[in-house]
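Have a look at the structure below before the remarks.
No hydrogens, no waters, no symmetry mates; every other heavy atom, side chains included, goes into these values. Whatever order the structure lists ligands and atoms in, that order sets their numbers, starting from 1. We count residues from 1, following the sequence as given.
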Amino acid sequence: MVLSILGALALASLAVAVPLDRRQVPSTLTATSSGTAAPTGSSSDSIDAAFTAKGKIYFGNIGDEGTLAQGETTEILNANFGQITPENSMKWATIEPSPGDYKWAGADFLADYAMANGKILRCHTLLWHSQLPDYVSSITDKAEAVAGRYAGKCYAWDVVNEIFNDDGSFRDSVFYRVLGEDFVKVAFNAARRADPEAKLYINDYSLDNLDWAEPKVTAMASNVKKWIAGGIPIDGIGSQAHLAAGGASGVGAALSALAASGVSEVAITELDIAGAAPADYQAAVQGCLDVETCVGVTVWGVTDAQSWRSEDTPVLFDANYEPKPAYTALLDMLNGS
Ligand code: XIL
């Protein structure tokens with residue numbers, strides 16, 4: 001079965017790329033996504049504009065059709081953020097709930113929203129052990145099918161997600177059981193064929209410091225270094241950064257260690273911090289500022305009510321769509337005031 005899958009991947013036709021305006025010319029792109037006046041009581045200052053003024057590519061957030069329809073969410077995204085990640089709509093269980101039966105509507109909505117509103121699109125995620133449909137028992141060609149569908153639209157793809165345990169060993173996933181670590185090569189090569197322009201990322205959590213998270217940071221960096229040397233097309237490492245209160249101080253040092261693997265870029269891909277203390281957010285974002293190849297930060301949720309960790313109130317806007325002190329503190333830091 002695996003061999004026939006590999007054959008199918010190799011034979012699949014190349015996707016035709018469409019122009020990559022936002023992706024190829026970041027400075028131009030960010031100019032189109034920032035500076036929009038907030039139409040509501042939300043913050044009137046774009047954190048994306050402030051962040052990109054520091055030489056970064058984007059400051060983003062997440063969304064899908066459901067959350068974007070809630071209250072002032074879309075207005076906040078339009079006014080404040082320059083990049084968007086689909087929270088769930090591109091995950092396997094959502095996009096192909098039964099074999100070959102692709103449900104594109106949710107992901108198409110988010111991709112269309114990004115294209116129409118000049119937002120950089122981070123695509124998430126082709127292979128992950130979680131949110132899988134029941135029928136999945138081995139690697140299939142869905143990497144090609146899904147990445148091909150959005151070829152030309154994704155700035156980056158999280159090609160594989162959460163493949164390591166905290167001790168740095170490989171997670172015992174269906175992919176690892178079937179192919180060993182070769183599944184990484186299969187997935188990245190398929191994604192590269194399907195979307196030659198997208199930055200291909202390996203994404204994970206517990207990459208937040210060089211203290212307790214050090215084994216995983218080291219395993220990630222050394223494996224990625226080895227895989228790149230072996231010709232696997234890995235462009236970036238994503239650090240999810242789902243943090244506890246007070247847990248942001250080591251983010252920069254860990255990002256630096258990840259960047260030293262030889263990837264061309266790194267990013268904070270899913271930032272949320274319990275309690276959303278201003279100092280914690282400042283420390284995390286400063287961590288990206290301090291690492292030259294860190295291209296951007298994505299906050300994992302617009303409002304606390306929408307957050308997957310809502311009881312932790314971990315994001316930048318409250319349940320009433322109002323910016324929280326951490327948002328203002330970030331703007332102050334980025335604007336040098
Ligand atoms: C979360 C979503 O926010 C939830 O809506 C969903 O029920 C579960 O997944 N790591 C990831 C993200 O890479 O895709 C997860 O998102 C959070 C953990």
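The protein heavy-atom contact nearest to atom 8 (C) of ligand 1 is Q131 OE1, 3.2 Å. Residue, atom and distance of the protein heavy atom nearest to atom 3 (O) of ligand 1 are E87 OE2, 2.4 Å. Of all protein heavy atoms, the one lying nearest to atom 18 (C) of ligand 1 is W308 CH2, 3.4 Å. Considering only non-hydrogen protein atoms, atom 7 (O) of ligand 1 sits nearest to N88 OD1, 4.2 Å. Taking atom 13 (O) of ligand 1 as the reference point, the nearest protein heavy-atom neighbour is E270 OE2, 2.6 Å.
Contacts between N161 and ligand 1 below 4.0 angstrom, taking non-hydrogen atoms only, involve the side chain exclusively.
Exactly one of N161, T85, N203, V297 qualifies for a side-chain contact (heavy atoms from CB on, under 4.5 Å) with T269. That residue is N203.
Geometrically, R122 engages Y201 in a cation-pi contact defined by less than 6.0 Å to the ring centre and at most 45° from the axis.
By the 3.5 Å distance cut-off applied to N or O atoms, H124 is counted among the residues near ligand 1. Here's the thing with Q240: one of its N/O atoms is less than 3.5 angstrom from an N/O atom of ligand 1.
For the residue pair D48 and S46, no side-chain donor N or O sits within less than 3.5 Å of a side-chain acceptor on the partner.
Within 6.0 Å of atom CD in E292, 12 or fewer heavy atoms from other residues, nucleotides or ligands are found, so the atom counts as exposed in its surroundings.
Residue contact check: K91 has heavy atoms under 4.0 Å from atoms 1 (C), 2 (C), 9 (O), 12 (C), 14 (O), 15 (C), 16 (O) of ligand 1.
Not a single heavy atom of Y205 sits less than 4.0 Å from an atom of ligand 1.
A salt bridge links E181 with K226; the closest basic N to acidic carboxylate O contact falls under 4.0 Å. Taking the charged nitrogens against the carboxylate oxygens, R193 and E144 do have a contact shorter than 4.0 Å, which makes a salt bridge.
Under a hydrophobic clustering in which Ile, Leu, Val, Met, Phe, Trp and Tyr are joined whenever their side-chain heavy atoms come within less than 4.5 Å, directly or via other members, W157 and I234 fall into the same cluster.
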